[in-house]
Amino acid sequence: MNIFLTGETTVRKVLIPQNRLQERVSELGQEISQAFAGKDLVIVAILKGSFVFAADLLRAISIQCSIDFMGISSYAGQPGSGVVRITKDLDESIAGRSVLLVEDIIDTGLTANYLLHNLRQRKPVSVDVCALLDKSARRLIDLPIPYRGFEIPDVFVVGYGMDYQQRYRQLPHIAILRSNGDTNQGLDDLKTDQAGNTNES
Ligand code: IMP
């Protein structure tokens with residue numbers, strides 16, 4: 001898989017290749033299917049970042065369940081505050097149901113914490129978190145993540161639904177865009193071959 005996008009001159013380092021993502025999502029689907037067997041499960045996927053992960057996860061779940069979406073964005077000028085604006089609310093009631101909150105990545109944990117509080121007010125039977133990526137080194141809030149895809153280091157990642165300024169969501173793997181706090185780092189220090197291996201340029 002060639003990760004170069006039309007018009008791009010830069011390259012990124014693959015952190016998690018497509019086949020590893022598929023394997024882990026499949027395992028998560030099996031774990032979730034066992035844990036929620038016999039329950040009225042509703043997957044709540046947080047837009048936009050989790051839409052690719054949620055679509056694959058849903059197809060890896062072998063029990064009856066439904067999926068609903070919440071759209072959120074940070075309040076302007078307050079990124080990282082944990083206060084989010086709900087741009088699209090759930091379509092269905094979650095009262096009396098088992099909710100699985102599906103996130104792309106948990107960083108400080110502030111967003112997920114806000115969403116958990118919000119969802120618990122709607123009287124579900126339970127709310128559990130499933131996150132594809134866990135950047136636990138940056139956690140500010142203790143947050144149980146019973147269904148977790150991968151622990152990753154403190155790097156900014158894109159792909160598989162995750163973006164940088166609304167771009168790169170279509171990459172089929174997780175790629176490192178730059179190190180946190182290193183906004184000027186070019187992306188052309190590593191080259192990625194078609195098998196997703198990284199090589200020094
Ligand atoms: P938190 O509130 O700090 O846990 O941030 C969670 C949200 O920040 C995620 O749902 C993403 O939208 C975004 N985010 C955090 N780290 C990254 C990253 O490395 N790449 C892309 N988005 C990220």
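Counting convention: from 1, in listed order, for ligands and their atoms alike.
Neither the backbone nor the side chain of R138 comes within contact range of ligand 1; no heavy atom lies under 4.0 Å. With a 4.0 Å heavy-atom cut-off, ligand 1 is reached by no atom of L177. Heavy atoms of D163 found under 4.0 angstrom from ligand 1 belong exclusively to the backbone.
Using a 4.0 Å heavy-atom cutoff, G109 is listed among the residues neighbouring ligand 1. Within the structure, the closest approach of V155 to ligand 1 falls below 4.0 Å when heavy atoms are considered.
In terms of heavy atoms, T87 sits closest to I72 at OG1-N, 3.5 Å. Of all the heavy atoms in A112 and I106, the pair that sits closest is CB-CD1, 3.9 Å.
Looking at I105 and M162, their side chains come closer than 4.5 Å, going by heavy atoms from C-beta outward.
In terms of N/O distances under 3.5 Å, ligand 1 is approached by V157.
Judged purely by distance below 3.5 Å, without hydrogens or angles, the side chains of Y160 and D56 pair a donor atom with an acceptor atom. In the model, S66 has a side-chain atom that pairs as donor or acceptor with a side-chain atom of R97 under 3.5 Å.
If you number the atoms of ligand 1 from 1 as listed, the ones under 4.0 Å from a heavy atom of T111 come out as 1 (P), 2 (O), 5 (O), 6 (C).
In terms of the side chain to side chain contact (heavy atoms under 4.5 Å, CB included) criterion, residue partners of S136 (sequence neighbours excluded) are, by chain and number, D134, R139, E151.
Relative to atom 17 (C) of ligand 1, the option among M162, K135, R169 with the closest non-hydrogen atom is K135.
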